[in-house]
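Written below as structure tokens is the structure these notes are about.
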Amino acid sequence: MSFLEQAFIYLAAAVVMVPVAKRLGLGSVIGYLIAGIVIGPFGLGFIGGTAEVGGDDIMHVAEFGVVMMLFVVGLELEPERLWRLRSPILGMGGAQVVGTALLVTATVAALGIDWRAATVIGMALSMSSTAIVLQSLSERSLLRTSGGQSAFSVLLFQDIAVIPMLAIIPLLATHGAPGSSDSSHATSWVAGMPGWAQTLAVIGAVAAVGIGGRFVVRPAFRAIARTRLRELFTAAALLLVVGTALLMTRVGLSPALGTFLAGVVLATSEFRHELQGDIEPFKGLLLGLFFIAVGSTIDFAYLASHPLLIAGLVLGIIALKAIVLFAIGYAFRLSRDQRMLFTVALPQVGEFAFVLLAFAAQAGVIGGDVSRPLIATVALTMALAPLLFVLNERVLQPWLGQCAETGPHRPSDAQDDGSPVLIAGFGSFGSTVGRFLRASGIRTTVLDVDSDRVDALRSMGMEVYYGDATRLELLHTAGAERARVLVLALDSPERTLELVRLAREHFPHLVIMARAFEWDDSHELLDVGVTHVYREALDASVRMGSDVLGVLGFRAHQAHRAGQKFRKHDEESIRALTARRGDRREYVGAVRRRMAALEELMQIDSASRNLDADSGWDSQTLREEIRRRPTLG
């Protein structure tokens with residue numbers, strides 16, 4: 001099979017399977033692994049055969065995706081950000097990686113496996129999946145909770161810890177990887193040098209990356225940016241990554257180490273975002289190929305012949321990591337619900353484990369009899385990761401809510417204060433509504449699912465209670481029977497709809513005022529009978545547009561009137577279009593007609609206004625400026 005045919009099969013499998021996995025909520029990494037399984041020797045057999053031509057070339061290209069990933073990780077490690085999160089990163093992250101690695105290493109060594117292989121296995125299994133965890137937390141609006149932030153800090157430490165791990169693995173090697181030759185050593189600049197000279201060469205290469213990145217690369221990128229040729233900047237970014245990787249291989253170091261250091265050096269440069277944007281597509285594609293190749297190596301014949309072994313490894317690893325994570329959450333005083341979120345977020349093994357295991361196999365540290373069950377185990381723990389989040393939401397958190405526990409973190413601490421307003425969710429949106437009502441003398445009962453945020457707001461004197469507002473018994477306890485208004489300010493459209501249906505069934509007298517994010521959310525809320533829908537960005541966006549008109553010379557009242565008219569028309573459009581969204585063609589046509597009608601209406605209104613009558617809205621400075629220059633209105 002030719003190289004082009006191989007490339008076509010890899011890309012076709014990714015294009016088909018990744019959207020399916022995303023739709024099922026499994027994430028892109030699982031999609032790539034499934035694609036590899038489908039086209040691999042235990043699926044359709046398109047790749048993985050011994051007579052395969054071009055496969056090694058594709059794998060070399062795919063492995064370079066790991067190098068690019070670490071360059072992007074380095075770009076994201078801004079010193080200011082690291083310093084701000086230094087305590088949870090070093091404390092929680094260090095405890096998780098070191099604690100898990102030591103426990104796994106000791107357990108594996110006790111089973112009779114060589115200590116070098118046990119060390120690699122311990123390091124690999126201490127990793128968690130950054131892609132899956134961050135995606136799952138973001139989809140559930142949990143990333144900003146204390147448990148979510150703690151998980152993010154641990155993931156950040158793991159990303160950094162990969163670098164020394166990759167550097168340690170060659171030191172553990174006692175013999176070359178099977179099938180390796182001495183050609184790689186022949187191309188090394190340090191081959192044949194005495195130990196002290198090799199050490200100096202390594203230090204010099206690392207220093208060259210740091211100094212060159214600061215004093216050579218930045219001026220070079222400035223010169224390239226002046227050409228205004230996007231493709232040249234992209235070529236320069238790729239040249240930087242390839243050149244740094246090549247330098248590291250010439251002195252006997254991992255290319256990933258060099259590109260990571262280059263990324264860190266450029267993390268504070270003005271080209272950071274441009275570099276990240278240019279590298280990201282290549283990184284994503286090559287990483288996808290890497291994970292497809294990993295999926296194709298999962299030996300299902302081995303799984304079928306050793307089901308108890310694989311099941312034991314999967315459950316054992318998840319249980320061991322969960323114990324470590326729970327202990328860390330307890331030591332760092334996370335509340336019960338946030339500790340449980342932290343625990344279920346990270347017990348899977350991550351994509352970096354594939355990198356470490358593959359690198360160790362190439363270096364000859366571990367053999368195929370060890371890597372085969374481990375690769376399958378890693379893939380299965382990643383596949384179970386989304387299910388652990390569902391388990392936390394549907395089983396663990398409700399169970400915690402039923403536990404009879406005293407103290408500030410008990411879930412059922414809401415009470416009926418006789419407040420006319422219930423507010424579900426007290427993030428940035430809900431807290432603004434709550435503060436406004438409190439300042440206006442209106443009592444409110446606030447429910448929020450983040451216990452740490454509840455404690456912080458209580459310390460400020462606010463009446464906030466911990467609890468999941470989608471639980472019927474909690475709404476009864478909070479006084480929903482006697483309240484008049486229910487304000488929904490939740491971060492999740494799905495939970496908002498769930499609460500709307502619950503409230504309309506059991507408390508039909510409540511006036512429901514719901515937060516929405518997009519037009520689709522608004523349509524769904526209107527469909528279930530909510531008449532008061534508020535898109536969170538609408539008011540701020542319209543106010544900014546009105547201010548833009550003012551800067552351009554429009555009179556203050558004219559800009560204000562235009563903003564009010566636009567907002568009213570937009571809200572009317574949401575309601576008018578809700579009934580038509582089932583027919584996409586009719587829906588798009590109606591949107592276009594309403595946009596044209598709005599533009600015509602506002603232009604007619606602007607032309608017919610008596611601007612002098614509105615001059616009282618203008619400041620003295622603006623009136624003087626208007627006299628000096630013509631307006632655009």
Please tabulate, for the side chains in residues 311-320, all donor-acceptor contacts under 3.5 angstrom to protein atoms that are two or more places apart in sequence or on a different chain.
none

Mind checking whether [X] and [Y] have side chains closer than 4.5 Å, heavy atoms only?
| X | Y | value |
| --- | --- | --- |
| Q348 | S129 | yes |
| L388 | P347 | yes |
| S371 | I366 | yes |
| M340 | N392 | yes |

Donor-acceptor contacts, no H, no angles, side chain residues 102-112, under 3.5 Å, sequence neighbours left out:
from	atom 1	to	atom 2	distance (Å)
T105	OG1	A101	O	2.6
T105	OG1	A118	O	3.4
T107	OG1	L103	O	2.8

TODO: For A161 and V97, work out which heavy atoms get closest and say how close.
DONE: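 Looks like CB-CG1, 4.5 Å.
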
Open item on the list: If you compare all heavy atoms of F389 against all heavy atoms of V133, which two are closest, and at what distance to 0.1 Å?
Closed with: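 Result for this residue pair: CZ-O, 4.5 Å.
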
- [ ] Mark yes or no for whether D448, through its side chain, and G425, through its backbone, hold a donor-acceptor pair below 3.5 Å.
- [x]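 No; zero donor-acceptor contacts below 3.5 Å.
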
TODO: Report yes or no: does Q158 contribute a side-chain atom to a donor-acceptor pair with the main-chain N or O of G93 at less than 3.5 Å?
DONE: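 Judged by distance alone, no pair lies under 3.5 Å.
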
- [ ] May I have all residue pairs that pass side chain to side chain donor-acceptor pair (under 3.5 Å) and include part of residues 375-387, sequence neighbours excluded?
- [x]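 Applying side chain to side chain donor-acceptor pair (under 3.5 Å) to every pair that reaches into residues 375-387, excluding sequence neighbours, yields nothing.
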
TODO: Go through the steps for L356 and M127 under the test side-chain contact (heavy atoms from CB on, under 4.5 Å), then give the verdict.
DONE: CA-CA 10 Å; L356 294 170; M127 297 289 104; 4.2 Å; yes

